[in-house]
2 protein chains.
Amino acid sequence: MSERGRPRTFDRTAALRRAMQVFWARGYEGASMSELTAAMGINSPSLYAAFGSKEALFLEATDFYSHTEGADIWLALDEAPTARLAIEQFLCLTAKAYSQNDRPQGCLITLGALHQDSSRGAICDDLRRRRAENHSALQKRLERGVAEGELPADFDSNAAATFFATVQHGMSIQARDGASHDALLATVAGAMAAWRTLAGGSAA
Amino acid sequence: MSERGRPRTFDRTAALRRAMQVFWARGYEGASMSELTAAMGINSPSLYAAFGSKEALFLEATDFYSHTEGADIWLALDEAPTARLAIEQFLCLTAKAYSQNDRPQGCLITLGALHQDSSRGAICDDLRRRRAENHSALQKRLERGVAEGELPADFDSNAAATFFATVQHGMSIQARDGASHDALLATVAGAMAAWRTLAGGSAA
DNA sequence: CTCCTTTTGTAACGATCGATACATAAATAT
DNA sequence: ATATTTATGTATCGATCGTTACAAAAGGAG
């Protein structure tokens with residue numbers, strides 16, 4: 001399409017990945033433009049020409065995060081044969097992803113911007129929307145378990161989805177506190193211990 | 001002791017409470033000195049004379065928070081007759097406190113400063129230490145339950161404390177997303193559903 | 001009263017924040 | 001070839017950040 005003009009000398013996707021890592025580690029407000037441009041290996045005019053603004057860069061970085069780092073955790077939901085295994089794998093993959101040492105601990109969507117501000121409304125709203133989508137994905141998978149007879153008809157998929165989503169949010173903070181993979185799995189075990197009770201006493 | 005010099009014209013404790021509310025709503029880095037002095041009703045020189053620095057003010061504000069807002073939640077732990085009731089009340093009081101509309105949602109200790117930075121190391125470390133103390137309080141209460149025979153001898157108090165602490169952390173984010181009291185209680189119900197499994201199948 | 005100590009308000013400090021003006025460089029279009 | 005378009009590097013913008021000098025004000029001590 002547009003091949004005119006001087007060609008860009010940096011890899012836009014690679015730069016976006018670097019920006020994502022900075023936002024992931026520092027949060028939206030904690031990531032300064034100096035740190036971003038340094039990590040991306042470009043000067044600020046190039047950043048603004050390619051991404052528009054710090055806010056637009058963050059929105060694009062979180063979208064990139066969802067499609068790369070956060071993808072496999074949620075893909076496992078629909079692939080698992082039962083709702084129980086789906087939730088268990090969802091939490092186990094979370095425990096693994098949140099405790100890797102070669103990247104920031106915890107989740108960008110969860111920790112990226114928690115404090116509302118007049119100038120940060122769009123950022124908070126976008127992350128909130130993404131978290132709501134995650135809750136919805138959990139709820140839908142549980143409802144499928146009800147439809148398939150795995151879970152009783154009066155199973156509260158909404159309440160259970162809220163519980164498991166909240167556990168995952170807590171694991172982000174636990175991971176930020178330096179929790180090991182095993183410590184995160186202790187939380188997973190606790191959450192899964194609730195399963196048989198929530199599922200109505202019928203052991204899977 | 002020292003009554004010399006011009007007397008202070010503002011209530012130091014009241015100003016500290018206002019500062020706590022600002023830090024609670026905005027986080028450490030999101031709370032600017034302008035917003036702090038405006039909320040406290042004083043000018044910056046008065047703030048620095050009375051509290052030292054923004055960092056020292058935050059540390060004092062979190063300590064004030066622990067002794068006021070966060071006190072009753074943890075007091076209930078030791079007063080409850082059984083470990084099960086202790087955990088349940090702990091979580092229910094959390095759900096109530098986190099969903100009040102006359103104050104910021106969620107917990108200052110949990111949400112105050114999650115992103116490590118070269119200049120914020122002391123802040124993060126202090127909050128981390130307070131979260132570790134909370135975990136320790138939960139663990140000690142569960143160990144008491146083991147000692148009193150309420151819980152089996154092989155009960156993993158450390159793992160269970162990690163689980164319940166993580167649930168509480170997640171509730172802070174859930175509350176920040178606007179969750180109602182009832183929604184938070186759904187999470188509490190999920191966490192308590194794990195109890196009978198964790199306690200070794202013996203229903204309380 | 002005159003010292004001495006401490007607080008107060010004004011006004012500003014250097015540093016950094018996110019964001020740009022501008023001239024130059026490097027490509028395509030005609 | 002010249003014109004056009006886009007990217008790059010330098011150098012900086014106004015605003016705000018956390019912090020502080022400074023002098024006037026308000027109390028006790030002598």
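The basis for the numbers below is simple: all heavy atoms, side chains too, and nothing from hydrogens, waters or symmetry mates. Below, chain A is the first sequence line, B the second, and so on; all start at residue 1.
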Separation of A:F10 atom CZ from D:dT8 atom C1', in whole Å? 10 Å

Indicate whether OP1 or OP2 belonging to D:dC17 is found under 4.0 Å from a side-chain N or O atom of B:S34. yes

Minimum-distance nucleotide to B:S32 side chain [options: C:dA26, D:dG28, D:dG18]: D:dG18

Does NZ or CZ of B:R8 fall inside the cone over B:F10's six-membered ring, less than 6.0 Å from its centre and within 45° of the axis? yes

For B:F51 and C:dT7, give me the distance from atom CZ to atom C1', rounded to whole Å. 14 Å

Phosphate contact (C:dT8 OP1 or OP2) by B:S46 side-chain N/O below 4.0 Å: yes

Taking atom P of C:dT7 as reference, at what distance in whole Å does atom CE of B:M40 sit? 14 Å

Would one find more than 12 heavy atoms of other residues, nucleotides or ligands at under 6.0 Å from atom CZ of A:R18? no

Which of D:dT19, C:dT20, D:dA21 is nearest the side chain of A:Y48? It is C:dT20

Atom pair distance, as rounded to whole Å: CG in A:D11 and C1' in D:dA7: 15 Å

Please check the phosphate of C:dT8 (OP1 and OP2 only) for any side-chain N or O of B:T9 closer than 4.0 Å. yes

Find which nucleotide of DNA chain C each of A:P45 and A:K54 is nearest to by heavy atoms, and output the residue with the more 5' nucleotide. A:K54

When rounded to whole Å, the CG to C1' distance for the pair B:L36 and D:dT19 reads 13 Å

If I take atom CD1 from residue B:I87 and atom SG from residue B:C92, how far apart are they, to the nearest 0.5 angstrom? 11.5 Å

Whole angstrom is fine here: how far is it from CZ in A:F23 over to C1' in C:dG18? 11 Å

Output yes when at least one side-chain N/O atom of A:N43 is less than 4.0 Å from OP1 or OP2 of D:dT8, else no. no

Residue A:P7, side-chain heavy atoms: nucleotide from C:dT8, C:dA26, D:dA26 that is nearest: C:dA26

Would you kindly give the CD-to-C1' distance between B:E29 and D:dT16, to the nearest whole Å? 15 Å

With a 4.5 Å cut-off on side-chain heavy atoms, are A:V188 and B:F163 touching? no

Looking at A:S44 and C:dT20, is any side-chain donor or acceptor paired with a base atom of the opposite kind under 3.5 Å? yes

If you only use heavy atoms from C-beta on, which nucleotide in D:dT10, D:dA7, C:dT5 is closest to the side chain of B:R4? C:dT5

Mark yes or no for a side-chain to base donor-acceptor pair under 3.5 Å between A:R6 and C:dA25, with no hydrogen or angle criteria applied. yes

Would B:K54 and B:Y48 count as a cation-pi pair here, with the cationic atom under 6.0 angstrom from the ring centre and within 45° of the axis? no

In whole angstrom, give the distance that lies between atom CZ of A:R12 and atom P of D:dA7. 10 Å

With the side chain defined as heavy atoms from C-beta on, B:M33 is closest, among C:dT8, D:dG18, C:dA26, to D:dG18

